[in-house]
Amino acid sequence: MDTTAKIYEDLDRILVTREEIRQAVEKLGRQITEDYQGKDLVMVCILKGASLFFTDLIREVDLPLSTEFMAVSSYGSGTSSTGVVRILKDLDRNIENRHVLIVEDIVDSGKTLYYLMQVLSQRHPASISIAALLDKPARRVVDLTTRYSCFNIPDAFVVGYGLDYDEKYRNLPDIGVLHPRIYQADDA
Ligand code: 5GP
């Protein structure tokens, strides 16, 4: 799909192109390969938003890692999360004494990951860190350290490359700012 596709008309602008994403994911994969040499690495995909990032990223990591999937819901609707998190799908395997890398699409207020870090830390992993594709530092309300993040972005609601609005737009190959008329129409 190229950027003249009809679906792109719902964007205000493209913020991160597919080529920028590809390069960042490749670079991050090399970094993870270096940092986790000789360690029992479990990469955890937070569904559904991180799914595209995750499947691209794990293919750039040259280690015999294992994969896990977790689904959480932040209570709340529309374009912001409340920080009240519910686990919809938990990990399948034990993470005790293993090195856990949580792969998330975006850190906004940080509340979702703060909660997840607390929950997973109680299971005694050897280490636990976060790799986020996008970060909105201006929106942070909790003290959260992300070991890796690919792009800092401004405070705008973005979709594409796994990120949705109302379950749509995950299939866009680039990341863009959703045109406000889309959610204003839904609010009306
Ligand atoms: P936090 O708990 O950090 O405020 O929110 C994290 C979650 O909110 C993300 O995993 C994502 O699901 C959602 N989110 C935050 N900002 C955006 C955004 O700009 N676009 C989309 N599609 N989701 C977002």
Side-chain angles (χ1 to χ4, degrees), residues 1 7-18 20-21 24-25 28 43-57 67-91 100-121 128-187:
M1 189 194 300
I7 192 170
Y8 278 83
E9 290 170 13
D10 291 352
L11 296 186
D12 182 49
R13 63 186 191 279
I14 293 175
L15 208 57
V16 191
T17 66
R18 63 193 83 183
E20 288 168 331
I21 296 170
V25 169
L28 178 55
M43 290 181 65
V44 178
C45 174
I46 307 301
L47 296 168
K48 302 174 188 168
S51 54
L52 275 69
F53 175 43
F54 184 81
T55 52
D56 284 345
L57 182 59
T67 57
E68 286 286 332
F69 295 83
M70 199 163 181
V72 297
S73 84
S74 304
Y75 279 124
S77 58
T79 55
S80 66
S81 84
T82 60
V84 183
V85 180
R86 195 159 52 111
I87 295 178
L88 303 176
K89 189 217 168 295
D90 207 336
L91 306 177
V100 174
L101 183 59
I102 301 174
V103 180
E104 176 63 304
D105 53 358
I106 186 164
V107 192
D108 187 34
S109 70
K111 290 178 188 170
T112 306
L113 280 174
Y114 186 81
Y115 171 84
L116 266 183
M117 288 288 274
Q118 279 185 328
V119 169
L120 297 182
S121 297
I128 181 159
S129 302
I130 296 167
L133 175 67
L134 305 172
D135 194 345
K136 288 184 196 170
R139 297 262 304 169
R140 195 77 86 258
V141 298
V142 294
D143 185 17
L144 182 83
T145 309
T146 49
R147 182 169 186 183
Y148 311 103
S149 80
C150 296
F151 302 98
N152 280 352
I153 61 164
D155 179 11
F157 191 78
V158 296
V159 294
Y161 194 61
L163 288 112
D164 74 312
Y165 170 67
D166 201 15
E167 290 301 327
K168 298 180 192 115
Y169 305 105
R170 295 191 197 275
N171 55 319
L172 284 176
D174 308 271
I175 295 167
V177 177
L178 187 64
H179 201 291
R181 85 177 126 73
I182 305 296
Y183 45 86
Q184 277 159 6
D186 284 354
D187 288 347

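Each ligand, and each atom within it, is numbered from 1 in the order the structure gives.
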Just jot down the ligand 1 atoms closer than 4.0 angstrom to any heavy atom of [X], in number order.
| X | answer |
| --- | --- |
| Thr112 | 1 (P), 2 (O), 5 (O), 6 (C) |
| Glu104 | 10 (O) |
| Asp164 | 21 (C), 22 (N) |

query = Can you tell which part of Asp105 has a heavy atom less than 4.0 Å from ligand 1: side chain, backbone, both or neither?
reply = side chain
query = Under 4.0 Å from ligand 1, counting heavy atoms only, is it the side chain of Lys136, its backbone, both or neither?
reply = side chain
message = Which residues pass the ring-ring contact (aromatic ring centres under 6.0 Å, His included) test with Phe151, not counting sequence neighbours?
response = none
request  = Please name the residue in the list Asp105, Val103, Thr112, Leu116 that meets the side chain to side chain contact (heavy atoms under 4.5 Å, CB included) test with Ile46.
outcome  = Leu116
query = Under 4.0 angstrom from ligand 1, any heavy atom of Ala156?
reply = yes
ask   = Are any of the heavy atoms in Tyr165 under 4.0 Å away from ligand 1?
value = no
task = Could you check Tyr8 against Ile14 for side-chain contact (heavy atoms from CB on, under 4.5 Å), going step by step and ending with a plain yes or no?
result = CA-CA 9 Å; Tyr8 278 83; Ile14 293 175; 3.8 Å; yes
task = Would you check the N or O atoms of Val159, main chain and side chain alike, for any that come under 3.5 Å of an N or O of ligand 1?
result = no
query = Quick one: does Asp174's side chain have a donor or acceptor within less than 3.5 Å of a partner on Arg18's backbone?
reply = yes
task = Say whether, by atom type as modelled, one donor and one acceptor occur between the side chain of Lys111 and the main chain of Val142 under 3.5 angstrom.
result = no
ask   = Do you see a donor-acceptor pair shorter than 3.5 Å between the side chains of Asp56 and Tyr161?
value = yes
request  = Out of Ile106, Val72, Val141, Val85, indicate the one that has the non-hydrogen atom closest to atom 9 (C) of ligand 1.
outcome  = Ile106
note = A student comparing Ser73, Gly49, Gly110, Gly160 should find that the heavy atom closest to atom 3 (O) of ligand 1 comes from Gly110
Pairing residues for Glu167 by the salt bridge (charged side-chain N to carboxylate O under 4.0 Å, His left out) criterion, not counting sequence neighbours = Lys48, Arg170
